[in-house]
**Student:** 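Sharing a structure, written as structure tokens. Questions coming.
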Amino acid sequence: MERFLWYPLEDLPFIVIVLVLAFTVHEFAHAYSAYKFGDHTAYNAGRVTLDPRVHLDVLGTILILIAGFGWAKPVPVNPNRFKRPRLMGVIVSAVGPLSNLALAVLGIFAVYVLNETALLDAGSIGVRKALVHFFYYLISMNLLLFIFNLIPLPPLDGYRIIQYLVPLHVRYKMDQNVQWGIFVFLLIVFIPPLRAVTLEPLFGYSSNLLWFFQSLFERVFSPMDWFRFGMDFAS
């Protein structure tokens with residue numbers, strides 16, 4: 001079975017927990033911000049909640065386990081109900097990826113706290129390994145989701161942000177050609193050679209983000225041995 005999965009079989013519990021958390025918070029952020037800006041579409045659909053059952057898409061969740069790529073149920077948004085449709089539309093679209101960045105930063109912060117208080121080494125080797133695996137996936141997957149969702153291709157949030165920023169006549173042309181954007185998106189996701197020269201170099205920026213937040217936290221906390229952290233994950 002393992003050869004059919006994108007991730008190691010023994011890591012599935014951590015992957016599932018992180019994915020449920022990441023997708024739920026992401027979609028809730030869209031729904032809640034739209035609701036606060038005056039659009040009750042998502043609220044009426046029961047999406048302003050942290051209950052993962054209303055946000056997860058079964059096929060999208062299974063596919064990310066098999067192919068490393070997936071999705072949650074998109075939140076319905078009607079920007080015409082916003083007082084300032086373009087500005088609020090950008091914010092509503094952006095808060096989803098930003099919520100994933102926030103989860104990653106919280107994960108980095110938690111690792112520093114556990115290291116500072118020696119709690120990371122307080123338990124057995126098995127407990128440390130479980131903590132390392134959970135926080136590794138919490139940080140890495142949310143950084144990747146932050147970057148991935150900002151790609152300006154439909155149906156991602158980055159595309160919606162661009163739609164709200166460009167002049168109206170440009171947006172009409174984008175809407176008319178959206179199916180080609182989705183086609184290009186599917187090609188770069190599912191064709192390995194294209195993925196290797198597009199998505200994978202882009203995902204490399206997650207290391208830069210990690211380094212940036214490490215440098216910020218180490219102004220407050222003792223230096224963290226991230227090399228050992230990575231070795232513990234790999235062992």
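These numbers come from a predicted model, not from an experiment. Throughout, numbering of the chain's residues begins at 1 and tracks the sequence. No hydrogens, no waters, no symmetry mates; every other heavy atom, side chains included, goes into these values.
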**Student:** Verify side-chain contact (heavy atoms from CB on, under 4.5 Å) between V127 and S124, making sure each step is shown before the conclusion.
**Tutor:** CA-CA 5 Å; V127 170; S124 64; 3.4 Å; yes

**Student:** Only one of K83, R81, K36 forms a side chain to side chain contact (heavy atoms under 4.5 Å, CB included) with M88, so which one is it?
**Tutor:**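 Looking at K83, R81, K36, the match for M88 under the side chain to side chain contact (heavy atoms under 4.5 Å, CB included) is K83.
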
**Student:** Nearest 0.5 Å, what's the CD-CZ distance between E200 and R195?
**Tutor:**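 The CD atom of E200 sits 6.5 Å away from the CZ atom of R195.
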
**Student:** The test is side-chain contact (heavy atoms from CB on, under 4.5 Å); show your working for V92 and F82 and say whether it passes.
**Tutor:** CA-CA 10 Å; V92 170; F82 298 150; 3.8 Å; yes

**Student:** Mark yes when over 12 heavy atoms from residues, nucleotides or ligands other than F14 sit less than 6.0 Å from its CZ; otherwise mark no.
**Tutor:**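 More than 12 within 6.0 Å, yes.
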
**Student:** Using a cut-off of 6.0 Å, state whether more than 12 heavy atoms not belonging to Y32 lie near its atom OH.
**Tutor:**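 Atom OH in Y32 is not packed in, count stays at 12 or less.
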
**Student:** Determine, stepwise, if the pair V25 / N100 fulfils side-chain contact (heavy atoms from CB on, under 4.5 Å).
**Tutor:** CA-CA 8 Å; V25 171; N100 293 122; 5.9 Å; no

**Student:** Please round to the nearest 0.5 Å and tell me the distance separating atom CG of L210 and atom OG of S215.
**Tutor:**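 Atom-to-atom, L210:CG and S215:OG are 9.5 Å apart.
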
**Student:** Please determine whether the number of non-hydrogen atoms from other residues, nucleotides or ligands lying under 6.0 Å from atom OH of Y43 exceeds 12.
**Tutor:**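 Result for OH/Y43: open.
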
**Student:** Apply the test side-chain contact (heavy atoms from CB on, under 4.5 Å) to residues F212 and N208: give CA-CA distance (whole Å), side-chain angles for both, the deciding distance (0.1 Å), then the verdict.
**Tutor:** CA-CA 6 Å; F212 172 75; N208 299 81; over 6 Å; no

**Student:** Can you tell me how far apart CD1 (I139) and CD (Q214) are? Round to the nearest 0.5 Å.
**Tutor:**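 Output value for this atom pair is 8.5 Å.
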
**Student:** Side-chain heavy atoms nearer than 4.5 Å, only ILVMFWY residues, links allowed to pass through others: does that put L119 and V132 together?
**Tutor:**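 Both belong to a single hydrophobic cluster.
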
**Student:** Cation-pi check, R171 to Y164: give yes when NZ or CZ is under 6.0 Å from the six-membered ring centre and within 45° of the ring axis, no otherwise.
**Tutor:**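 The answer is yes; both the distance and angle limits are met.
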
**Student:** How about P155 and F185: do any of their side-chain heavy atoms sit closer than 4.5 Å?
**Tutor:**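 In short, these two side chains touch, coming nearer than 4.5 Å.
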
**Student:** Would you say P167 and V170 make side-chain contact, with heavy atoms under 4.5 Å?
**Tutor:**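 The answer is yes; the side chains approach within 4.5 Å.
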
**Student:** Work out which heavy atom in Y205 is nearest to a heavy atom in I147; give both atom names and the distance.
**Tutor:**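 Looking at all heavy atoms of both residues, the shortest contact is C-CD1, 3.9 Å.
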
**Student:** Rounded to the nearest 0.5 Å, what separation is found between the CD1 atom of I108 and the CH2 atom of W226?
**Tutor:**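 Rounded to the nearest 0.5 Å, the CD1-CH2 separation comes out at 6.0 Å.
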
**Student:** Which heavy atom of I151 sits nearest to which heavy atom of L199, and what is that distance?
**Tutor:**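 That closest heavy-atom pairing would be CD1-CD2, 3.4 Å.
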
**Student:** Hey, do the aromatic rings of F233 and Y137 have their centres closer than 6.0 Å?
**Tutor:**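 Judged by ring-centre distance (under 6.0 Å), F233 and Y137 do meet the cut-off.
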
**Student:** Going only through I, L, V, M, F, W and Y residues with side-chain contacts under 4.5 Å, is there a path from M224 to L216?
**Tutor:**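 They do share one cluster, since a chain of ILVMFWY contacts under 4.5 Å joins M224 to L216.
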
**Student:** We want to know whether T41 and D39 form a side-chain donor-acceptor pair, criterion being a heavy-atom distance below 3.5 angstrom.
**Tutor:**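 A pair is found: one side chain offers a donor N or O, the other an acceptor, under 3.5 Å apart.
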
**Student:** If you draw a 6.0 Å radius around CZ in F109, do more than 12 non-hydrogen atoms from other residues or ligands fall strictly inside?
**Tutor:**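 No, the 6.0 Å shell around CZ holds no more than 12 heavy atoms from other groups.
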
**Student:** What residue among H30, E27, R47, H26 forms side-chain hydrogen bond (donor to acceptor under 3.5 Å, both in side chains) with H55?
**Tutor:**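 Exactly one option meets the side-chain hydrogen bond (donor to acceptor under 3.5 Å, both in side chains) with H55, and it is R47.
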
**Student:** Indicate, with yes or no, if Y136 and V16 share a hydrophobic cluster defined by side-chain heavy-atom contacts under 4.5 Å among Ile, Leu, Val, Met, Phe, Trp and Tyr.
**Tutor:**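 Linked, V16 and Y136 end up in one cluster.
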
**Student:** Specify the closest pair of heavy atoms between L153 and G181, including all atoms of both residues, with the distance to one decimal.
**Tutor:**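 The pair with the smallest heavy-atom distance is CD2-O, 4.1 Å.
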
**Student:** To the closest 0.5 Å, what do you measure between CD1 (I161) and CZ (R86)?
**Tutor:**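 Here the rounded value is 13.5 Å.
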
**Student:** For D232 and K129: C-alpha separation, side-chain torsions, deciding distance, then whether salt bridge (charged side-chain N to carboxylate O under 4.0 Å, His left out) applies.
**Tutor:** CA-CA 7 Å; D232 286 344; K129 185 174 181 180; over 6 Å; no

**Student:** Just by modelled atom types, is the R228 backbone N or O under 3.5 Å from a matching donor or acceptor in the D225 side chain?
**Tutor:**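 Checking the backbone N and O of R228 against the side chain of D225, a donor-acceptor pair under 3.5 Å is found.
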
**Student:** Cluster question for you: counting only ILVMFWY and a side-chain heavy-atom cut-off of under 4.5 Å, with indirect links fine, are L59 and V54 together?
**Tutor:**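 As far as the 4.5 Å side-chain criterion goes, V54 and L59 are not connected within one cluster.
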
**Student:** So which atom in A22 and which in L145 form the shortest heavy-atom distance, rounded to 0.1 Å?
**Tutor:**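 So the two residues come closest at CB-CD1, 3.6 Å.
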
**Student:** Grab the two heavy atoms, one from S33 and one from V95, that are nearest each other, plus how far apart they are.
**Tutor:**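 The answer is OG-CG2, 3.4 Å.
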
**Student:** Is there a side-chain contact between F28 and V75, using heavy atoms and a 4.5 Å cut-off?
**Tutor:**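 No. Closest side-chain heavy atoms not under 4.5 Å.
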
**Student:** Atom CG in L150, atom CZ in R160: separation rounded to 0.5 Å?
**Tutor:**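 Going from the CG atom of L150 to the CZ atom of R160 covers 12.0 Å.
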
**Student:** Taking all non-hydrogen atoms of both residues, which atom of L138 and which atom of N142 are closest, and how far apart?
**Tutor:**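 So the minimum-distance heavy-atom pair works out to O-ND2, 2.8 Å.
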
**Student:** Is the Y112 ring parallel, tilted or perpendicular to the F221 ring (thresholds 30°, 60°)?
**Tutor:**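 Y112 vs F221 ring planes: parallel.
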
**Student:** State plainly whether one hydrophobic cluster holds both L98 and L202, where clusters connect Ile, Leu, Val, Met, Phe, Trp and Tyr through side-chain heavy atoms under 4.5 angstrom apart.
**Tutor:**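 In one cluster with L98: L202, yes.
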
